[in-house]
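The structure appears right after this line, and notes come after that.
Keep in mind the model is a prediction, meaning the values are calculated, not measured. Sequence lines set the chain letters: A, B, ... in the order given, protein chains first and strands last, and positions in each chain run from 1.
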Amino acid sequence: MSVTDVVTNMAGPLGGYHLAAALLNGVAAWRYWTSRRRASAAVWMLAAGAFAAAAARSFRGHPPGLPEWLKSAIDAAAGPVTLSLASLAFLALLFLGRSWLARPQVALAGFNLGLAFFGCSLPDAEFAAVVLKPDNVAIVAMVFLLGYFLWLGTAQAVENDRRLARGLPPREKDFSETTLVWPDLVYIELIAMVAGTAVLVAWALVLPAPLEQPANPVVTPNPAKAPWYFLGLQELLVYFDPWLAGVMVPALIIVGLAAIPYLDPNPKGSGYYTIAQRKFAWAVFLFGFLQLWILWILIGTFFRGPNWSFFGPYEPRDPHRLAAARNIRLCEYFWVFLLGREVPAADPAAGWLARTATLLLREWVGIAWLGLYFGGLPILLGRTIFGDFRRRMGRWRYYAMVLLLLMMLALPLKMFLRWTAGVSYIVSFPEWQLSF
Amino acid sequence: MAAPDEPYYNLSRLHLAFAAAALALVVVTVWMIAADYRRPWKRYQAIYRDRIAPWAAAAGRLQRQLEGLAGDPQGGDRKPTAAAGNPVAQAAGQPDGPPAWLHRPSLGQRLLRLPGLEALGRPLTIEQLWLPDLPIDYHFRQVPRFDRCQTCHFGIDRTLPGEPDRPAWEPVQVVQLELPAPKVPASPAPDGSAGKAGGAGEEPPYGIVLAPSGVSDDHVPTVGAIWPRSPAALGGLRPGDAVLRVDGMAVARRDQAEALLADLARQGKPVRLEVRRGLPQPFCAHPRPDLFAGEASPHPASRFGCTVCHDGQGSATDFRFASHTPNDPAQRRRWQAEYGWFWSEDWEYPMRPARFAQSNCLKCHFDVVDLEPGGQFLDPPAPKLLEGYHLVRQLGCFGCHEISGFAPDQRPVGPDLRLEPAYHEAAAALLAEGYLDAQAAELARQIIRHPEQPQARHELVAWLRAQQEPARIPAGTPANAGRVNVAADSPARQARRAALLNLLDAAPNPPGTMRKVGPSLRHIADKLDAGFLQAFVANPAALRPGTRMPRLFGLDAHLQGATRDQTHRFEAVEVRAIAEFLLAASQPMDSTPSLLAAAKTPSASKPDAVPPDAQKPSAERGKRLFQRRGCLACHRHADFPESKATQGPDLTDLGAKLRQDRGRQWLVAWLRDPTAYSPRTVMPNPLLQAGAGSVGSAAAEGDPAADIAAYLLQPRTPPPQPLPEPADEDLDALVRQHLAKTFAPPLVEEYVRHGIPEGSADAAGDAVELVAPITRAKKFRYVGRRTLRKRGCFGCHEVPGLEDAQPIGPPLTGWGRKQTSLLDFGRVDQLLALEEAAGGDSGRSPEAPQAPSPAGAAAAQAVPSGQTAQHGFYWEALGQKRREGFLWQKLRQPRSFDFAMADSKPFDEQLLMGQFTLSEAQREAIITFVLGLVAEPPPATRLPQPDVRRRAIIEGRKVLDKYACPACHTIELERWTIEYDPATFPEPPATEDYAFVLPRVPAQLLAQSRKTDLRALAQAELVGMPQCDAQGRPEETEDDEGNPAYAFLLWEPAAIAGKVWPAGGPGVLVAEKQIVRRRPPWGGDFARLLFPVVLNEARSAGSTATVLEAWGWVPPALVHEGRAVQPAWLHDYLLAPYTIRPAVALPMPRYNLSAAEAARLVDYFAALAGADFPYASDPRTAQARWEQPDPARLARYEQAMRLVTDRTTYCAKCHLVGDWGPGGQSATVLAPNLQHVARRLRPEYVRRWLANPRSVLPYTAMPVNFPLDKTMGQDLLPGSSPQQLDAVLDLLLDYETYLRSRVSVRGMVEGMPKSPAGGPQPPPKK
C-alpha cells in the first residue's frame, strides 16, 4: 500500500478518532466550567478545538501528520538504549513527581498527548502497518490501559500517602473489610462478563479472523515473532544463551515472584495503595514490570522488524537493511584490545585438564567480574545501603533477596553492555555450550 | 467483623451499568446476526435465483413461441394467426400478464430468509464443489480441494439453451446498434394504443418485444424477445439487452421506450440503439464456454472447479478473502471502494490477475503447442501463453535457467525445455585437442553430425575408456605409434579428457531436446575479426538491431559513483578478454575443409561449365537469388520490407559484421553447408547448385552462394569504432579476483606476476591459460575464459573449452510457486521511486532501448493504451514483493535489484542477467509462461489425454516450429465464415464425376446449413483460398447486385444452403457483406510473397500460364500431404530432399533433422490429413505384385504406356517419365517425374488425382484426362474412361514391374553398347 492509499483509507476513521478526542476534551472542559474552574476549562476547550480542527481536516481527506523532520528525528533517536533510558527516566519521574502526576489534569494532558501522537502518526504508512496489524491491536490497547491503571494506582497511593502523613488511615480503611457477595461481588462480575462478551463480539466483527494458509514447515517467517506476551523473553534470546534466557530466567521469575511473601520484611502497605511506605518494593516491582517486561514486549512488537533488527516507528521494514553487528567477547577485549595478544586457544591434543586450564585462563576476567558481581556485591551491599535489610531479614533471606535482585539487574546491564560496547558474552565457553 | 448491612457499591449505578452492558450485548448480537444476514453472497444468490434465472427462462419460452408463430423461415405466412393465446399479447401487451418473468418467493420461503431463521430452511446455500482428485498442496500434504466460488458466481457455467458454446450472460458492455428501417411502416393502430402491439398479435415496432421487467432492475426497458426477421433481428439486438438510448435519447422506463420506438417505426426510419448487454460479475458466465466451465467443454466447472486454474482461496465466501487479484490499479481502487479488498499475504496461491489467466494452463498442458488453435477450437485458447513459450524457446532462456519437465522422481510436471546433451561439443573438443587417433576421430565426426544416434558415441566412449587404462597400452610397440600417449599427458590434460569423457557418457533420461539458440563459436576466427567481436559483445543491439543476443555489458543505470566507474573499467577488460579468448581458442573448420577452400576460389567450383564473365560474383544476381531461394522465409532484410519472418536473424547490413575476404569466404562456405560451421544450427542447407530451379530463365549463371554473399555483404555502414584499450591494473585486478577463488593470497600474487609454472597441477581448468611465462595476452585469455563461464555465454553458444560448464541461472522449474522470500528484491523500490520522481512512469529507463521487437511477434506491438495502468500493476506487485513484479523488473532492468547493493559487493558478485530487447507485451507473455511453471501437476488421470492422432500432431507441431516449416508451406488454409440467405443463395453447378471423387458431406451438416437464425440467415464455413490477382491479393469482383464480392476456391467440400459444393470446382461467389469472419491461413507467408515475383518473371519470359497455375511454382500447401504421400517416402525425402516439380522456383532445402524428427513430421502430416499412419499399405504397391508379373497385365501396361508417353495430349506433354522428358518446354510447365509415383504417392490419392486433379489441388494445371462423360484416346488405350483410368493407375503404381519386363539385365550385359532393348522409344534428344 502506498502512502496515498493509507491516507485516503484512514482519513475517515481518523476523523472519527479526532472527533472523539475533541468530545472528550469538551466534556472535560464542560465539567471544569460547571465546577467554576474557568482557566482549566479554557485550556481543555482549546485542546478540544485543536482536535476538532484535526477532525475537520481528516474528514476533508488531509489528516494531520507529523512533519518529516520530526519523524526522521524520532527514527534516528529510537533505539534500545534510548527507549530503556527513557523508560528509566519515566520511572524516576513517576517516583519523584508522583504527587504532581497524580493530578487529574496532568493525567488528562498526558492522555491527550498520547492521543495526539498516535493520531498524527497513523497517516504514516509504516507506523500504521505495524500498529494496525490485527495481531497488534491488543497491544496498542494495552499501552493505553496500562497508562490508565498506572496513573490510577499512583493517584490512589499518593492520596493514601497524604492521608497517612496527616495521621489518617488510608482510604481503603474507611470501608469495612467485608462486602456483600450480592451485589458487590456477583453483580459486578455479571456486568463485567456481559460487557466483556459484548466487546469480544464487537472485536470479532470489526477485525474478522482471516482464512490463513496452512503452516509451511520449510518456511520461517521473517521476523519470526513469539506471541505478544512472550516477546519479552524472545528479546532476551538476543543477548543470552538460550539456556539462560529460555529456561533459567523464566524459572527464576516464577521462583522470585513466589518468594516475594517470604522475602518481604515490610509489614506496611497491606490492603491499600501506598508508595511512601513501600518505596523499595514499589521501585523494584515497577522496574521489573515496566522496564523488564512491558518495555521488551513493546520493543518486540513495534520496533523489531525483519532479521530482528531494530526499526524506528516510521522506518520502512527493509529486510536488506544492513546493520553492523559488533559482537566481541569480553575475553577478546582483554586479550586482544588491552594486551594486544591473541586469545589463548586450547591445544586440541592436550589433556582435558590442560584444556580446561587454558579455557579458564582465557575467560578469567569475565569469571572474576561475575564472581565480584554475585559474590562480592551482596556482601558489600549488606554492609552499606542494604544494611537495614540485612539486619531485619537475616542472612539467608537477605542473600536470597539480593541474589534475585542482582540477577534481575544483570539482565539490563548485560543488554546495555551489548548495545553500547558490543560485548557479546562476559564469560563464554562455547566448548561447553555455556555462556553468560 | 460483622457483615455490612449496606452494599459497598451504589446499587442504582450498578443497575445502570448492567443496563448499559446488557444493551451493548444486545446491540452486538443484533449486529452479529445482521452481519451474517448481509453477507454479500446471499444477495448475489438471491438476485440470480429470483430474478436472472426465471427471467432468462421466461424470455427463452417467449422467444421460442415467437419463432414458432413466425412459421416457416423459408417464407410463408409470417403473421401469427390466432390472437388468442398470443404470447406477445400475454407477455408484452399486458404488463401484469401471466408468464412469470420473476420468481416471487412464497410466504414460507420469505419467512425462511429472515435473519436468524435462515439456518432452518436454507433457500440460499453455499455452493461447494468437492474435488478430492485435484488436491491442493498444503505443504507435504495433498488436501482435497473445495471451491465455493459458485456461491457468488452462480451462473458461471450457464450457457444459452441448446447452444453449449455461447455463455448465458456475457460480461457487461455497452453496445451501439443500428436497426434498419422497418420494411412496412406499422399502420397506426385504430384504437390509438400506438405500438402496444397488443390485440392482433402483429409485429411490434422493429420486432422488439420488451419484457415486463428488466433483468436486474424493474424499470429499465429490456428486450424480452425478438421477432424473427424483424429490423431488431437484422440489427443484431438480442433478448436481455437493456435499452439505454434510442436515437441518442436516454430512456429510463419501458413505456417511454415503447412510445419512442412506435413513433419512429411509424415514420419508417432506421433507428440507433445504445444497449447494455450482458451482466456484471458475479452474474455473468465464463467466457469461452466451449473451452471452460460449460458442461460440454473440456473443463466443465463441475469436474475441475475454479481454483485449479485460477488459483485463489476457494474455501472463502467473501470477496476479500477469496484472494481476488486486481488486474490494474484502477480495478484495485474500485475493489477497495466496493468490496474493501486488501492484499492478503495469508494465502500462498492468490488468484491470477486476468492478465495472467492463461498461466495455469501450463499446469496440465505440458506440450504447450496443444494450445495452438486448431481442431475443434479455432479461436486460440491461450495466445499470450503461447507467445511466451515461443519467446522462451527462441530467446533460449533455458540455456541459463533449466526448465525441466520432470520432477526428481521422473514424474512429468511441466513443459520440458532442457538443453540437449553436449555430445557433439565433447566430440568436437576431443577432436580438436588431439586426443583421438584417426579411427576415433571418424567416430567423433559421426557424433558431431548426428549426436542423437548413440552407436558412434558408445564406441568412442569405449575407446576412450580403453585408452585410460595404461595396462592396455603396450608401451613402445609399433601398434602404439598412431595412438595418443595418454600416460604422458599432464594431469590437467587428463582431467580435461575425463571431463569430456563424462560428458560423452552422460545419458539423461529422457534427454533434453533443445539446441543452443546461438551459433557455435568454435570456429569463430574463420568468421569474425576482433574489432567487430568486441563491439558486438559490448552492445549487440547497437550493431545488429533486432538481434536476440541480450546485452550483457554497460547496464549501469542502477549503479552510482565509484562502483559505476569500476564496473565500466572491469567490463572493458572483460569485453576485450572475451574477444581475445574466443579468437585464440577458435579452431579451424576441419570437418569440411574443402568448403572453405572452395569458397576461397569461387572459380574452382565449376571451371568448365560456366562462362568466365558469369564467374564473378554479382550482387545483382545475388539479390534476386536472395529473394527467390527462400532466404526471406526465415530472414528479414531491409530491401524486402514485406517479409516479416523471425526465425533467423535480420540480414540487413551483414557487411558490417563480415568484413574483408575472410567474412566473404565464411559466408560462402556457410551458405554451402551451414552445419560445417555450426553443427546444430537449424538453418537448412539451401542446396545452392549453380543454375538449378529457376523459373523461365536461362539459369546457369555464376555461383549462387558467392552471388548471395556478394549481395549481403554490400557495405552499408562504417565499421564499429574500436574500443579503448583497457588498463593493465584493471586486468591484473580481475585476474587476482578470479585466482583468489582457488588460491591462497601469496600464490595469487605469485601467479599474477610470473604465471603458473608449467606442469604444475594448478594449471588446470581455466587457469591453464596462465602457464608461465605470463603475458598480457595470456591474462586476457584467462579473464576471457572466466568471464564466458561467469556470464554463462555457453548457454546459447558452443564455446570451445567450456563444453562441461554448468548453467548459471536458477532453474525455472517450479518458479511460478517459488517462495517470494527467496527472491532478493534488494532496494529496487528505491530505484523505482527515483524513476517515478524523474517522471518515468513510462517505465522506460535509459537501460531499456526502444528498439523494435527482436525475436517474436512481427509488429513491434503498439503498446496497448493504458500503458501507465499496465506499469502500475507491476509497480504495485513490486511493492507487495510479488513474483510478477520481480519478473517484470528482472526482464526490464535485469540488474536493477543491485541498486544501492552493488556498492557493497565485489565486482564478480554483481547480478549477471543480460537485458533482452523486449516489448512490453512480450515481457508480459514471458511472465505468463514463467508463472505457469508451477511444477504441481494434477494426477495423471486429469492430464490431457491426446489420442494417437492428436499426439502425432502435437509432436509434429514442435518439429514444425523448430524448423519453421510453415514459413514456406501453408499448413492450414484460409477459412471464411459466411452468412447467407438460403433462399437466394445460388446452387452449385451440376457435375458428373466418379463416385470416389464426389464429396461426401454428412446429412446432419447439410441440414444444419439450412437452419437459419432470427435474421433468416444461415452460416457456412468455407475452407480454401480466394481467387487472387497477379499480385497475390484476393481478386475483387462483383456479385449480381453489383456489390463487391470474391470468388472463393474451395479446397474442402462445403455445405451451403443444403447443397454440397465440391472442392476444386468453380469458386463460390461470396459478397463482401456476407463475410462474417476471415481466418487467415497458417503458414505459407513466403509462398505468398514469392507468388507475384515468379508469376511476373514467368510472364515477362513469355509464359501464358494462368494466375492460378502460378501457385504451382511456389512452395506447395501441405494440407493434403498426409493423404497424398506414402510415409516411408516422405521420411526419406525430408532427410534427403530432391527436386520433384521442376517448375517450383526453389528446391526444398536439406534440413538438419534427425530421423526421429522426420518421422514425427511424417506422422504429423498423416494425422493432420486424417490418413492412415504410421504405415500405409495397399496391395497395388505391394512387393508381391512386382515379383509375379502377369502377362495380361503387362500387355495392358503396354497400352497404358502409350498413353502415358503421348506427348501431344497426355502425360508426357508435361511429365517426365523416367528419362523421357517433354522436349522444348519451359520449366514452368514441367511436371513431376511419373517414375516415382509408385513409391511416392498413396494409390487412392493417385486414382483421385487422375480422375479429377482439381478436386485435390484446385490450382493445378493438370487437365481431366478421363472425363466420365466422354471417351478419348481410344487409339492409344482402348476402353471406357474408368477402364483407361484404371490401366494408367496400374501402370504408374507398377512402373518397376513394367520396366523390368522391358529391360533384362542379360540384354544389357550382352548387348553392351545398345540402348535399353525395346524400352519406350526414347525421345529424340537434341
Side-chain angles (χ1 to χ4, degrees), chain A residues 1-5 8-9 125 129 132-134 172 174-206 208-222 306 316-322 324, chain B residues 1-9 11 14-15 17-18 20-29 31-32 35 136-141 143 313 315-316 318 320-323 332-333 336 342-349 819 821-822 824-827 829-830 875-876 879-881 900-901 904:
Chain A
M1 254 198 294
S2 74
V3 178
T4 345
D5 291 338
T8 9
N9 290 342
L132 297 184
K133 195 177 170 210
E172 284 86 346
D174 278 356
F175 316 119
S176 153
E177 291 212 337
T178 55
T179 51
L180 296 170
V181 169
W182 177 268
D184 292 337
L185 179 64
V186 179
Y187 199 18
I188 58 170
E189 277 178 355
L190 177 69
I191 293 171
M193 211 164 70
V194 170
T197 310
V199 167
L200 280 180
V201 172
W203 193 343
L205 284 167
V206 174
L211 282 167
E212 293 196 5
Q213 60 201 333
N216 186 349
V218 294
V219 175
T220 315
N222 183 14
R317 266 43 180 173
D318 174 9
H320 301 284
R321 197 189 66 169
L322 296 175
Chain B
M1 208 175 286
D5 303 331
E6 285 296 306
Y8 174 72
Y9 293 111
L11 251 191
L14 278 187
H15 289 326
F18 177 69
L23 193 70
L25 188 60
V26 169
V27 167
V28 295
T29 308
W31 181 11
M32 184 174 74
I136 195 164
D137 183 8
Y138 271 22
H139 307 300
F140 307 106
R141 200 177 171 84
V143 176
Q313 196 161 11
S315 46
D318 186 321
R320 291 174 297 167
F321 297 126
S323 268
R332 169 185 58 76
R333 281 190 289 274
Q336 272 176 342
F342 63 97
W343 171 247
S344 163
E345 288 166 27
D346 288 332
W347 188 243
E348 238 165 68
Y349 316 112
Q819 287 292 335
S821 54
L822 299 180
D824 186 355
F825 283 85
R827 301 287 174 78
D829 45 346
Q830 293 174 18
W875 284 38
E876 291 193 355
Q880 286 153 353
K881 307 237 184 297
M901 312 283 278
S904 50

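The two residues A:Pro217 and B:His139 make their nearest non-hydrogen contact at CD-CB, 3.9 Å. A:Ala202 and B:Val28 make their closest contact through CB-CG1, 3.9 Å (heavy atoms, listed as atom of the first residue, atom of the second, distance).
Within the 4.5 angstrom heavy-atom criterion, only side-chain atoms of B:Gln819, from C-beta onward, approach chain A. Proximity to chain A (any heavy atom under 4.5 Å) is shown, for B:Ala316, by both the backbone and the side chain. Only the side chain of B:Phe140 has a heavy atom closer than 4.5 Å to any heavy atom of chain A. Residue A:Val194 touches chain B through both its backbone and its side chain, counting heavy-atom pairs closer than 4.5 Å. Residue A:Ala192 does not touch chain B at all, counting heavy-atom pairs closer than 4.5 Å. For a residue to count as touching a neighbouring chain, one of its non-hydrogen atoms must lie under 4.5 Å from one of that chain's; by this rule B:Arg141 does not touch chain A. Residue contact with chain A, scored on non-hydrogen atoms closer than 4.5 Å, is absent for B:Trp343.
Put simply, CG on A:Leu185 and OH on B:Tyr8 are 13.5 Å apart, with the number rounded to the nearest 0.5 Å. The OH atom of B:Tyr9 sits 12.0 Å away from the CG atom of A:Leu180 when rounded to the nearest 0.5 Å. Put simply, CG on B:Leu25 and CG on A:Leu200 are 10.5 Å apart, with the number rounded to the nearest 0.5 Å. Atom CD1 of A:Ile188 and atom CG of B:Leu14 lie 7.5 Å apart (nearest 0.5 Å).
When side chains are defined from C-beta on, B:Leu11 counts as touching A:Pro183, because their heavy atoms get closer than 4.5 Å.
The candidate with the highest count of non-hydrogen atom pairs below 4.5 Å against chain A, out of B:Tyr349, B:Trp347, B:Phe825, is B:Trp347.
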Test log, rule side chain to side chain contact (heavy atoms under 4.5 Å, CB included), inputs A:Val201 and B:Thr29:
CA-CA 8 Å; A:Val201 172; B:Thr29 308; 6.0 Å; no

Could you walk me through whether B:Met32 and A:Leu205 pass the side chain to side chain contact (heavy atoms under 4.5 Å, CB included) test, one step at a time?
CA-CA 7 Å; B:Met32 184 174 74; A:Leu205 284 167; 4.1 Å; yes

